[in-house]
Protein chains: 2
Amino acid sequence: MDSRARLVQAMSDLMWERGYAATSPREVRERSGVGQGSMYHHFAGKHELALAALERNCADLLPATEALLASTGDPLARIDAYLSREHQPLKGCKVGRMTQDPLVASDPVLLAPVREAFATIHERLVSVIKEAIALGELGDGLDPDELASMITATIQGGYVLAIAAQDSRPFDEARAGARHLLRAVALCAVQDRKEQK
Amino acid sequence: MDSRARLVQAMSDLMWERGYAATSPREVRERSGVGQGSMYHHFAGKHELALAALERNCADLLPATEALLASTGDPLARIDAYLSREHQPLKGCKVGRMTQDPLVASDPVLLAPVREAFATIHERLVSVIKEAIALGELGDGLDPDELASMITATIQGGYVLAIAAQDSRPFDEARAGARHLLRAVALCAVQDRKEQK
DNA sequence: GTCTATAACCCGATAGAC
DNA sequence: GTCTATCGGGTTATAGAC
């Protein structure tokens, strides 16, 4: 790993552990083992380094989620998989948490990669939900955008509850609640179709 | 408003606007118009001031939510009301956001009021859900803890999505998704009971 | 591309007069 | 209870040699 990559890695880790404001270039330097001059050779300053770290986090996390949703097979099962993935609830989401860092949220440049990541997930999720509706797995009375936002919000909000409680249970409960609710309406949809026959 | 209250108010505002780490005692002093000496007379330091601000935020926000959920009347309508309240999604939640501030989340003292606030909401919400199940408004196949966590997570996660998108729509979509999903399973429950007759 | 040295400023906190 | 003055240290960033 070269100096540049080590700096980005250290910045990413520290922003996760301490947040943007509380992370100093000196700590980044010390953790990455890169000298002062090198750091300002590769990046104009803390801000540019943070942007690189955020872009890297998004690039790291997005593909796995996209793969999960884009895979072939039963749409509802893919949503279930999205809602069942392994996480570390008490550590928070490397991407989602950034929206709650005021210095990031108020900075259009830093927020851009986060916005794009969530927009992509939303788009994919809406597609899967539309597939499920087309296949009759879900009733057509539900709005795909609403459902997609609700599902992603459940995960992101689950982090909030888990950290507040210092217990991963609320995170798992929230996601299970969403899965079970979806399953219940899916059964309704099946039932409705039987009755119409 | 006396010096102490003005300091707490200013700290609360600044923590919301900038976060804990990025808020300096000097800014608090300047915004509140209180002198240096006064500040350190009332509070031992930034940490103690932050605790007072967090406690105040929780005390300010909790009663309205509790009142909403504790009111008499149709349980499902109360959940609907909880999911329909006015918010400022782009500004974030004064309480929930604190869980994503690493310096707050890693400090048991600062996190305590946040933990208690969410625990209280959860408790109230579980009661309302149990009422709804007892009345047959919801089927008994759903777990009240899961549902309660999902509902609060939807709201908290909605903030994340709204800030990421810099648009309040995802917040409203997520909450509407949860309401419509609940309504759909409620109709299922009614249908099931009719069939059993 | 990396190093050391240093600038200029702000941080959180304290001292002590009034 | 409030004021001004100040401390020691850390902050982000720059300068300039190698």
Side-chain angles (χ1 to χ4, degrees), chain A residues 1-57 98 101-111, chain B residues 1-57 98 101-113:
Chain A
M1 205 148 78
D2 63 358
S3 289
R4 197 196 150 88
R6 289 217 308 280
L7 284 164
V8 172
Q9 176 69 53
M11 185 65 179
S12 165
D13 290 348
L14 283 164
M15 282 182 77
W16 202 25
E17 288 170 29
R18 307 199 210 283
Y20 177 71
T23 297
S24 71
R26 191 167 65 98
E27 282 174 303
V28 175
R29 228 176 11 85
E30 279 166 4
R31 187 173 293 210
S32 62
V34 173
Q36 178 83 336
S38 296
M39 180 171 143
Y40 283 97
H41 170 75
H42 289 293
F43 300 96
K46 178 181 173 176
H47 184 264
E48 204 175 297
L49 186 47
L51 178 59
L54 284 176
E55 283 171 344
R56 212 200 80 124
N57 285 348
M98 294 306 144
D101 190 323
L103 268 47
V104 174
S106 65
D107 184 327
V109 173
L110 293 182
L111 197 60
Chain B
M1 203 148 79
D2 63 0
S3 289
R4 196 194 152 90
R6 289 218 308 281
L7 285 165
V8 172
Q9 177 69 54
M11 185 66 180
S12 165
D13 291 348
L14 284 164
M15 282 182 78
W16 202 25
E17 287 170 31
R18 304 198 212 282
Y20 177 72
T23 297
S24 71
R26 189 168 63 101
E27 282 174 303
V28 175
R29 229 175 10 84
E30 279 166 6
R31 187 173 292 211
S32 62
V34 172
Q36 178 84 337
S38 295
M39 180 172 142
Y40 284 96
H41 171 75
H42 289 293
F43 299 97
K46 179 181 174 178
H47 185 264
E48 203 175 297
L49 185 47
L51 178 60
L54 285 176
E55 283 171 344
R56 212 201 81 123
N57 286 347
M98 294 305 145
D101 190 323
L103 268 48
V104 174
S106 64
D107 184 326
V109 173
L110 293 181
L111 197 58

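In the text below, chain A, chain B and the rest are named by the order of the sequence lines, each starting its count at 1.
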In Å and rounded to the nearest 0.5 Å, what is the [atom1] to [atom2] distance from [X] to [Y]?
| X | Y | atom1 | atom2 | answer |
| --- | --- | --- | --- | --- |
| B:S24 | B:R18 | OG | CZ | 8.0 Å |
| A:M39 | A:R6 | CE | CZ | 13.5 Å |
| B:S32 | B:M11 | OG | CE | 11.0 Å |
| A:H41 | A:R4 | NE2 | CZ | 9.5 Å |

Requested in this report: Indicate whether any N or O donor in one side chain lies under 3.5 Å from an N or O acceptor in the other, for A:R31 and A:Q9.
Outcome: no
Below 4.0 Å: OP1/OP2 of [N] and any side-chain N or O of [X]:
| X | N | value |
| --- | --- | --- |
| B:H41 | D:dG1 | yes |
| A:H47 | D:dT12 | no |
| A:R26 | D:dT11 | yes |
| A:H42 | C:dT2 | yes |
| A:Y40 | D:dA13 | yes |
| B:S3 | D:dG1 | no |
| A:S24 | D:dT11 | yes |

Query raised in the report: Does a distance-only test, which skips hydrogens and angles, find a donor-acceptor pair under 3.5 Å between the side chain of B:Q36 and the base of C:dT14?
Result: yes
Query raised in the report: Is the shortest heavy-atom distance from the side chain of A:E48 to the side chain of A:H42 under 4.5 Å?
Result: no
Atom [atom1] of [X] and atom [atom2] of [N]: how far apart are they, to the nearest Å?
| X | N | atom1 | atom2 | value |
| --- | --- | --- | --- | --- |
| B:L103 | C:dC11 | CG | P | 15 Å |
| A:E30 | D:dG10 | CD | C1' | 11 Å |
| A:Y20 | D:dT11 | OH | C1' | 13 Å |
| A:R18 | D:dG10 | CZ | P | 14 Å |
| B:F43 | D:dG1 | CZ | P | 12 Å |
| B:R29 | D:dG1 | CZ | P | 19 Å |
| A:E27 | D:dT11 | CD | P | 6 Å |
| B:L7 | C:dA13 | CG | P | 14 Å |

Would you list the protein and nucleotides 16-18 of chain C atom pairs, both N or O, that sit under 3.5 Å from each other?
none

Query - Member of B:L14, B:L54, B:V104 meeting the side-chain contact (heavy atoms from CB on, under 4.5 Å) criterion with B:Y20 - result: B:V104
Query raised in the report: Taking the side chain of A:K46 as its heavy atoms from C-beta onward, which of D:dT2, D:dT12, C:dT2 lies nearest to it?
Result: D:dT12
